[in-house]
Each structure stands twice: as structure tokens, then as C-alpha cells.
Amino acid sequence: MLPRTTSKNNEKDPGNTEQPAIRVGFFQLFRFATCNEVLMMVFGSVCAVLHGSAQPLMLLVFGLLTDTFIEYDIELNELRDDRKECVNNTIQWKRNYTEGLVTPLNQSGWGLMNNSTLEMLVPLMPRSCGLLDIEYEMTKFAFYYVGIGAAVFLLGYFQISLWVTAAARQIQLIRKMYFSKVMRMEIGWFDCTSVGELNTRMSDDINKINDAIADQVAIFLQRFTTFVCGFCIGFVKGWKLTLVIVAASPLIGIGAGLMALFVAKLTGMELQAYAKAGAVADEVLSSIRTVAAFGGERKEVERYDRNLISAQRWGIRKGLIMGFFTGYMWLIIFLCYALAFWYGSTLVVDTEEYTPGTLLQANKYNDMTFLFQVFFGVLIAAMNLGQASPCLEAFAAGRGAATIIFETIDREPQIDCLSEAGYKLDRVKGDIEFHNVTFFYPSRPEVKILDQLSVTVKSGETTAFVGPSGAGKSTAIQLIQRFYDPKEGMYFLLSTPEIEDYLDTLWLPPPPFKALLVTLDGHDIRGLNIQWLRSLIGIVEQEPVLFATSIAENIRYGRPGVSMEDIITAAKEANAYSFIMDLPQRFDTLVGEGGGQMSGGQKQRIAIARALVRNPRILLLDMATSALDNESEAIVQEALDKVRMGRTTISIAHRLSTIKNADVIVGFEHGRAVERGKHNELLERKGVYFTLVTLQSQGDKALNEKARQMADKEEESEKLSLSRAGSYRASLSRRGGLRSSIAAITSSKRSRSQLSNLIPESSVSIAGELGPSAYVVSPADESKNAFPEEEEELVEPAPVARILKYNIPEWPYMLFGSIGAAINGGVNPVYSLLFSQILATFSITDPVVQRREIDSICLFFVMVGVVSFFTQMLQGYAFSKSGELLTRRLRRLGFHAMLGQEIGWFDDHRNSPGALTTRLATDASQVQGFSLERTATGSQIGMIVNSLTNIGVAVIMSFCFSWKLTLLILCFLPFIALSGGFQAKMLTGFAKQDKQAMEAAGRISGEALNNIRTIAGLGKEKSFVDIYEAQLDAPYRAALKKAYVYGACYGFAQCVVFLTNSASYRFGGYLVRQEGLHFSLVFRVISAIVTSGTALGRASSYTPDYAKAKISAARFFQLLDRVPLISVYSEKGDKWDNFQGNIDFIDCKFTYPTRPDIQVLNGLNVSVKPGQTLAFVGSSGCGKSTSVQLLERFYDPDHGKVLIDGHDSTRISVPFLRSKIGIVSQEPVLFDCSIAENIKYGDNQREIGMNEVIGAAKKAQLHDFVMSLPEKYDTNVGAQGSQLSRGQKQRIAIARAIIRDPKILLLDEATSALDTESEKTVQEALDKAREGRTCIVIAHRLSTIQNSDIIAVMSRGFVIEKGAHDELMALKGAYYKLVTTGAPIS
């Protein structure tokens, strides 16, 4: 049989390829809109278009109003002539002048006439007078403005509320679809995709899509409509002039297009950098205990910061590009004005295109009105095109963010766990077979894990997989669960060599290929329904994962709809019932993030109960009892033996005693099954299994023999001293949530006999305080939740001054940015001055002076354009630089502050890694502003400076011309400001609600993605999708509520301008009539202040970002201001040179901060001298690991002291203390970097060379394995070391501890995950490493601790007996009994 392989194994996973910055068209952003949402958007668009036409419509009204003022002014000018009077509503020459002039022409007086008297002989053109009531006319126009204002309010309300509502509904769907699709992805996709990156995409990137499809679209449509309508008015009123301006407009379009292109690309790059930083933060926060133990806080902050620098660089470039193009567009606009004004004046003055006549003629004034309307029409059009550019930028950012989101949604998973496809067998027997399976992990296609594996597992039998770490045992189990599908490369010819030779002689092709992979009852599992397949399988893993919910819910995850009776039965079978019932909340006790509130043994038992409640057809036990103490293991093993009956069971175990009774034992080596048979057969064969058994039994043999001999000789003196036995029995029967109960133990005969040997009857308690009364739970205690729910603290929005304080290092940038913004702000009032000057130029009679004035105004336009170009660029660059530096500083400070908190802070469920990562991702970016560059300290300050300058210049200028009118208009400015302030106030509340609600969803998604294998194994993807969707309801409802408020505020802010015009022109009419104010000054004052007011209105439309920014900043400051109970950054505290390693625990009592009702340590007293080894033994949850955590100063004792070299641990410098301690944990945590970097992590205070790394690896028996990898020490270990077996991870962790050269070595189950051969060698390395060091060991296997100087047996949080191995055996106490049971100790 000839294997044929293909190159497909080497294909890179799609999740790992570099993505282009943008691949989603704008309209594709709306691909998830339903008919209702399309209707809402259409209606909202119609409203936006009508709203957009309001300003040009106002221009028509304005034209009529101007005509009225001009007519009135002409009438006044005419009647100022003493020779004219108003007779019968017509202006005529006064009679007494004309009558005296009528004389015969031949009289000599004719020659005496001058031009003035001759003029009076010409009859006046008919002009009405006394009919125009200017106040009445202005009242009429005031009503027009009020009407338009009311319409604008309604249109503004509907355009915003409908678009924001439609966006909220679409974003809700996108969030659901994205999370649902991510949960459907095959496990191989997760191997190639960082969980932290996915969390960042769910929070940050989807918000950017929201910005692109919500109110920005309505505002863009509104402004674009104003642009179009403005030009329409221009064409109608003066087509030649408008054509000249339109000819230059492509230059603006090109600028806007290029800006959108560059911004989209740079946004994509920036998002990628932030996603990487988010992945680092998630990894570090998930592994905070490891980071703290090795003093890696500052190193991790630097690693995080390195990713932020990259994002900052892209952000600054984006700001510069935007400033350049914004300045460019304003330059073009101003040049257009100069050209238009110059050409327009030529049409009116030089070519006399309009009706000729003197400037006092009415038709010439109408020509001027048209010219005025053309100018204003084009001005408004161009301004709105400029103001639409931030919207284009938001669209580009949204498209950039949508690229990866939508591609993930569109990606079809290679193994779709929620697919209905596939068939379900009517009857499952349970035969499993591997047919020459070759397998590579998608993330490491160059490393072969399984190499033509062929194994048969018969139904109803128990098959045990044994072999060294990394041999492929766990991988085989994952293939059964269909976490992965073996790729091509496992295809084999259906022929024999003879047939092939015969065919070859005939020149015929080889016979067809057939895929021989993994089958269940002869059916290829790839053809079976995946949910149905996984429902047949119950799995108990070596590192059990629990979810942050109650114990009952965790067990219920095993089978949906299971009754409470079944849950209790499963808990009893798994020997979990007793400790659960001793907890105050019993089955309703919350287990914490990742089961962090439970001991290892408790977690394992809950996981076993979860598997048992499933009633599975196939049972997979991946070191299922590795974390249990000996009593629990005996009971659970018996329970597992019972449930195995009639089921196909595959067991992986390093403790060979647990599998020697298996029906078949399969020996694995280098990804192949090298031997198969029963225990005795394999021993006779003397292969892999024989080697493993021999090595393991040698360590325990002498110890067990000695114990049995002593037991036989002294059978009669079996009872222990009363106090010791009493306390130990109490420890088993009364310890709340941390012990096996007598009731559960006596349920089996074997256990009952063991227990009666172990604990003789006694009624004497060891000490008064430890009597029964000390453990009675009061009703008040029972009512407490295991997690005391603290009320969410109210966060007051942060003052802007404090945000600015963090921006102080960038004051030069902010100063220059503010100067640029101030100059840009002065441009609006300059418009008003220029356009009122336009009127003045046409009233000049001298053509030479008139042309000089016109040319100077055109030149002034060009100057303003050039200045605006440079100041816009200066503002864009300076504020993006200061904003990006602030964002980086805040993110860095926030992360620095998080890592500086004590470990107890992370135990709080509100500070779970998912919630903190979400907070870190969104808070800093909100301070910078969700819509790019609209930042709290970036363009927000620019906008404030801009608005203040704008209003300041306008008000000063206006007061000079008419203080009365100015005062009236200023009365309306507070309303404009109020609308913005009201909007900010309302949205501050929403920002807080959004934040909390999205954090809750972030916790769910973080937990689901971090534990995806467990969820997939349980087939609970749909459940987590449902929980996540339920968490999205609150922010969704808040978003809908926000839409209406935001709409109303926006409508009000827009209509205030029209109401202001209404009152101003009415009062202006009064001043013109009653006080003789010239009408041009009325225009000058109103246009100056109202255009400034609209700038304020525009600023108010950005308040959502500002509100979010202030709330986010407040959350940040709350974190920065928190003083940790144990400071890891402080250098204060005791330090001494001659560090010995003398340790004393003196009457230590301790409860975990999140579960104050459970006493974990209850008067711990134990000492260890320098260079000695102290071993802690005892049942799960008795406080062994907790005592180690007190020594590390993860926590401080509530009562008592921990002394190191006579110094109280609470007074020792934390970095100094931890630098002297090395730790190897039960479940080692590795970081997503190379093997060498992980080993170097052992000492973060200095630079470590490769020679040291290799030396440490050799001591930890790691070097040979590493050298067999293609990239050797540069091999990436994957997220949390996922690319390595547990044994390989453990050896890296040991090398990491060795390189630290610690004075105190803590070994918490350091060899529990190793196969027998590795364990022996690593144990030798550890024995060497222990020389001259104080060492504390926690171990289940007695062989690893029998040589310890002191063995302390713990129970119920205190030491019940201690001494060397021989002393304790002679005592015949608890330790002696534990040894004689023959099982390892937990």
C-alpha cells in the first residue's frame, strides 16, 4: 500500500493571511438591513434631503428680504433729495421747483441752467413710495423663517432618529452574526486567530461600522443636498458665473476622494496594530498570576506599548493626511470665490451683461441681488461639501473595520459545528477506528503530530492510550470529537504490490484512491451530523474548564433540560455532592471566571459530574482523576468504572495504576500506535508500556513495601492519638466545600473500609476554636452570594482639565494646533465682512476705484485660502499628534495600572480578562473619540478654540456696527449652546449604560472564546450564542432610546439658527425704520453672528463622542487613582543582602476577598529553614496552594504573619521578595511567543543570553525536544502554549524557574503532567535545582516528596501533623494511613 501525500498540508490557514486594508464597498455596509430598516433609512434620507434644501430655500427668502431692504433704501435715498416728494404714492419733483423753471426756451435764462436744473426737466421714472411698510414686511419674513425652522426641527429629528435606529438594529444583527459565525468556526481557525484580537474586533471595529451607517449618513446626505441645491440656485440666478465655479469643483472632488482612500488604508493599518495590542493585553490579563510571580509587569507594559507605537504612527500619519487634504479643499474653495467674484464683477460692471443704467436704478439692484444669491448659493454649497468630509472619513473607517468582520461572517467553516447536515445513526454501537491517519495542526503545518496512526477501539471496551508527552494521544481524542479533520495526505491505493506491478507492465494508471480516516461503526465521522456526534461523547479533560456561572448550571451544560435530581445524582457519582452541600449557596454557588473560586480537585469533580449527566455513549477520559486526592480518586475511579460499563471508553493517563485493568492498552510513540494488548501481554512484550511501568513502579515500590510491613507488624496499635484523629476526621466531615463528606464516602463498601482504617472514632476536637461551633454557618451567611455583588460605583464624567493634564507633554503641538484652529475660526466672520463689502463695491461710481476695490477683495480671498491651507494642515497634524500620544499614554497607563493591582482585584468577576480587555480597547479610543480625529483633546479642543475665536471675532465686529441688534442675537446663542449641552448631558447617561452593557457581553464572549474547546466538546456553541445575544438586548434598547433623544436635540440645534434669523430681521427692520440704521450693517451683524452660531451648532452635533470620552476618561482615572492593597511597583519595603530563605507561617488565617464566608486557612503554623524542603500534602482545597500564594504575596493573611528571614512579609518590598522566588505551577501558563522568550521570562530584571537558555532547557530535559522542532528555540508556542503538549509546557515552565536562580523554589504539582520517563529525569533536575535552596513542594505522588526534610499534612486550613517521612510513618497518623492506601495524595 503506497501512501500519496499532497501539498495541501502546507497551505496557510485563511485566518493567518495578511488582509488588505479595505475590501468592502460603502453600500455593502448595509447588506444586513431588512425591509423595515431600508424603509427607515429611505424615509430618513428623504428627511435629510428636505432638511438639506432648507438652507438654500432660506437663501431664496433671503433674496426677497434683500430686495425689500434695497427697495426701502432706494426710497429713503430718493426722498432725502430736497427737490423730491411723495405725491399719491409716487415720487415726483416738488412743484415749487419745476414751476419756476418753465420759461420760454428763447429767453436768456436758458444759458444759465446747470446740469442739476436740467435734470429736473427730465420726468422721473415711476417709483412708488409710502406703500412699503418695512416692519410689516419683516414680520412676514419672520414668519417664513419660523415656518422653515419648525420644518427643520421635525426633519432633523426624523433624519437622525430613523438612521440611528436603523443602524442600531443592523449593528445588533452584525454583532449577533459575527459572534455566531466565530462560534461556528473549526478549532483550527482559533489556533491561527488570537482570542484577544477577536474581542477587540467585537468591541472596537463594530463600533466603527456603527459610526459609518448611523447619523453620519443622514448628515452627509443633508450636506450634499445643500451642496446640490446651492449650485442649482447658482445656475438659475446666474448660470455663467456658476459654470465658472463648477469648472473648478473637480479639484475638490479629487481631494475628497484621495483623502477617503488614504484614510481607509491608514485606518486599516491602525486597527491591525490595535488588535495586536489587544491580543497582548488579553493574554497578559488572563495569565496575571504568572506575570506577577515572575515580576513581568513592566516587561508586559513595554510589550503592549510597542504595539501601541505602531498604531500611534499610523494615527499621526492619518491626521497629517487629513489636515493636508482639508486645507487643500479650503484653498480650492477660496480660489473659487476669488475667481467667481472677479468674473461676476466683470459680468456686471465691464461687459454690462445685465441691464445698463445708473447704480440708483432699481433693475441694477436686482442684478446685484442675483449676484448676491449666486455667491451665497455657491458659498453654502462649497462649505457644505467641505463639512461633509468628516462623514466620508467615518465611512472609510467603517469600511476598513467591516472588511475583516464581514469576511469572517462570509467565511464557511471547514467543520461547521451548528450545521444540520450529516446523518444520524439509528443505533450506535461505539466502534471507533483510525485508518492510517496522518495529521498536522493548521497552525504548525510543518510538524507531523500523527503519522499513519491505525487504532481500533471496540464498543463497550475500555481502551487506554499511554505514551510520552507529545506522542499524539490527546490529538487522537480531538480527532474523534472532530475538532479537526485530517487533511489530504492520508489517501491510500486500494491494491497490493502484485496488482501494481501487473498494471505497471500494462502501462495502465494506478487504481483510484480512497480516504481512510476516522470511522464510527464503519461510518466516516465527517459524514455524520456534528452536534449529534458530539452529543454521544462525554469528555473529562486534564485541565477542566468551568464557566462563570453556578455549579448547577455548569453541570447542566452537560445535557440541556436535565432535572435537578439528575444533577444531584451526577454530583454524587462524581463525589462532588458533599463539598457542594457544605457551601453556603450549595448548587447555586458561583464558581468564578474559569472556575477560579474552586480548587483543582473540586473543578475536576464538577467536570466529571458534567460528563456523567450527559449519559454518553462514548467516554473520553483525558487524565480525568489527575487532580483528585486519594479518597476522592478511589470513589471517582469506582464511579467511572461503573459508568464505563457498556460504553466505549478511551482513557489517557500517566498514572498507570488507573488503567492497568483496561480491556486494551495502546502504546503511542512519535504519533504512531506501536503496540496494543492487555496489561500482562504488554509487560511480556517489553516495549513502550513495559518501560513506562518499570520506571513508575520503581519509585513507589520501596515506599509501599515499607508501609505494608509496618502495618502488618503493628495492626493492634492502629488508633491514632485522639486529637490528631479527631481533627482529621473533622477535616473530612465538616470542611465547607473543600472536603469529601462521610456520607458520600460511606456510599461504597470499599471506601467505607478504607475510611474506618484511616479515621478511628473520637469525639475530642483538636482546639476549642476549631470545634463544631466554629463551622456553623449562620442564616445570614447562607443568604450571602458566593460573589458579594457590590453596587456599581457611579462614575462622574471626568473634567476636561484632568484629561488635558495628561496631554501636557504635548503642549507645543496643542499650542500650534490651537493657533491654527483660532485662525480657521476667524475665517467665518471674514466672510460676512467680505460679502457686505461686495455690496459696497458696486455702489462706487468711479470705475477705476471700483476695479481696484474688486481686485483687492479677490486678492484677499486668495490670501485667506493660502493661510487656511497651512493652518488646516497645522491643526490636523498637531492635534492628531497630541491625540494619538494621549491615547497611547492612557492605554499604557491603564494597562500599567491594571497590572499593578493586587491579585484579589482580578478575582472580582467585574475585572475578568474579557471585561478588562474590552475596557482597555474602548475607553482610550473613546477618549480619542469613536469617529476618527473627533477627539476629546484633539479636534474637540480645535473645535472649542475654533468656535470661541469665531464667536469672539464676530461679536466684537458686530458690536462696532450695531450693539442693539448684536445684543438681541446674542440672546439666542445660549439656546444654541443649551441644545449642545442638553445633548451632551443626555448622552453621558447613555454612554455609561452602553459601556456597562457591552462589558457584560464582552465577558461572555471572552469566556466563550477562551474556552472554545470545552464548549465545542459539550456542543454548547448555540447556548453561548444565545447568552451573548441576551446580553446585547440592554445596549440595543439604550441605543434605540438614544436615537430619539439625539434626533430631538439635533433638530433643535439646527432650527435655533432659523428662529434667530426670524427675530433678528424683524428687529433689524425696526432699527432701519425707527433709528435709520443702514440695511447693509443689519446683514453684516446677522451673518457674522449666525454663521458663528452655526459653528457652535456643528460642535454640539459632536457631543456624543465628547460624552463618551468624558465617561471613559472617568473610568480610566478611577482605575489610575485606585491604590492597590499590595503594590508591585513600589520600591518601598524591607530589602536585605544576605537573603537566606528562612520561612515561618505563624497562625495564618485567610479568606479570599471574593468569598469572605469561606475560611481557607485557619491558623496555619509551619516553618522551614534555609536549604530545607517542605512538602505540603492533603486533600484538594485544604489550603496548600493558598499558603504558597501568601508567600508570593499575591494576598496578605487576614490574621497572623508570614515571616521571611524574620521579616514580616507585609513589610517586604514586593518586587524584591518575588525576585527571590521561582515557581512551577500545576497548570503552567506560557505566552504567545517563542520557546526562548518564554524561558527568558523567568528573569525579567536582566538580559539573558542563549547559552543560559540552552543550559536551563537541558536541566529541564527540554533541549532535545526543542532541537527536533524545525524552528528550534524560535518556535512559537501558540496562545497559552496551545501548540505543545502539557508535558512539554511543564518542562518549559521548569526551565523558566531554573533560569531565575531563585533562593526559594515553589513546586506546585511540578511534575504532575509528565509521563513517567520525563518525570524521572525532570525530578532529577528539580532535585539538583533544590540544592542550597529553600523549597516548598505540593505533590500528589508520594514518591516525589518522601525525601523532603519536612512533610506537613494539611486539613481544613491548618497543619495536623508534620515531620520527616520516617517520623510521620512512625507516628502512625494521617500521613501513615494515606501512604498505606497506596494512592497518590492530592
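Positions are given from 1, in the same order as the sequence printed here.
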Using the rule given for side chain to side chain contact (heavy atoms under 4.5 Å, CB included), can you reason through W163 versus D215, listing the C-alpha separation, both sets of side-chain angles and the distance that settles it, and then say yes or no? CA-CA 6 Å; W163 270 97; D215 54 325; 5.6 Å; no
Please tell me if the side chains of [X] and [Y] come closer than 4.5 Å, counting only heavy atoms from C-beta onward.
X: W342; Y: D855; answer: yes
X: V827; Y: F334; answer: yes
X: D410; Y: R31; answer: yes
X: Y274; Y: R891; answer: yes
X: I254; Y: L258; answer: yes
X: V953; Y: V830; answer: no
X: V864; Y: V867; answer: no
X: F324; Y: Y877; answer: no

Contacts of type ring pair (Phe, Tyr, Trp, His ring centres under 6.0 Å), residue F32, not counting sequence neighbours: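 Residues passing ring pair (Phe, Tyr, Trp, His ring centres under 6.0 Å) with F32: F406.
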Ring pair (Phe, Tyr, Trp, His ring centres under 6.0 Å) with F231: which residues, sequence neighbours excluded? F227
Is [X] reaching over with its side chain to a backbone N or O of [Y], donor-acceptor style, under 3.5 angstrom?
X: T226; Y: G52; answer: yes
X: Q170; Y: A166; answer: yes
X: T403; Y: R399; answer: yes

Roughly how far apart are [X] [atom1] and [Y] [atom2], rounded to 0.5 Å?
X: Y813; Y: S880; atom1: OH; atom2: OG; result: 10.0 Å
X: D305; Y: Q312; atom1: CG; atom2: CD; result: 8.5 Å
X: C858; Y: L335; atom1: SG; atom2: CG; result: 11.0 Å
X: I404; Y: L271; atom1: CD1; atom2: CG; result: 8.0 Å
X: R175; Y: N210; atom1: CZ; atom2: CG; result: 7.5 Å
X: L308; Y: E884; atom1: CG; atom2: CD; result: 10.0 Å

Considering all heavy atoms of both residues, which atom of [X] and which atom of [Y] are nearest to each other, and what is their separation?
X: W330; Y: S868; answer: CB-OG, 3.7 Å
X: Q159; Y: A48; answer: OE1-CA, 3.4 Å
X: F879; Y: A821; answer: CE1-CB, 4.4 Å
X: V164; Y: A1039; answer: CG1-O, 4.3 Å
X: Y328; Y: L251; answer: OH-O, 3.0 Å
X: M329; Y: G255; answer: SD-C, 4.4 Å

Side chain to side chain contact (heavy atoms under 4.5 Å, CB included) against V49, all qualifying residues, sequence neighbours excluded: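 Once residues adjacent in sequence are excluded, the partners of V49 under the side chain to side chain contact (heavy atoms under 4.5 Å, CB included) criterion are T225.
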Step-by-step side chain to side chain contact (heavy atoms under 4.5 Å, CB included) determination, F43 to C47: CA-CA 6 Å; F43 188 60; C47 290; 4.1 Å; yes
Surrounding CZ of F816 (heavy atoms of other residues, nucleotides or ligands, distance under 6.0 Å), is the total greater than 12? no
Working note: M259 + T326, criterion side chain to side chain contact (heavy atoms under 4.5 Å, CB included); need CA distance, chi angles, decisive distance, verdict. CA-CA 8 Å; M259 182 168 83; T326 309; 4.2 Å; yes
Could you walk me through whether D205 and I209 pass side chain to side chain contact (heavy atoms under 4.5 Å, CB included), step by step? CA-CA 7 Å; D205 291 11; I209 298 173; 5.7 Å; no
Between E270 and the options R313, R888, R317, K318, the salt bridge (Lys or Arg N to Asp or Glu O under 4.0 Å) test singles out K318
From the list F27, F30, F26, ring-ring contact (aromatic ring centres under 6.0 Å, His included) with F395 holds only for F26
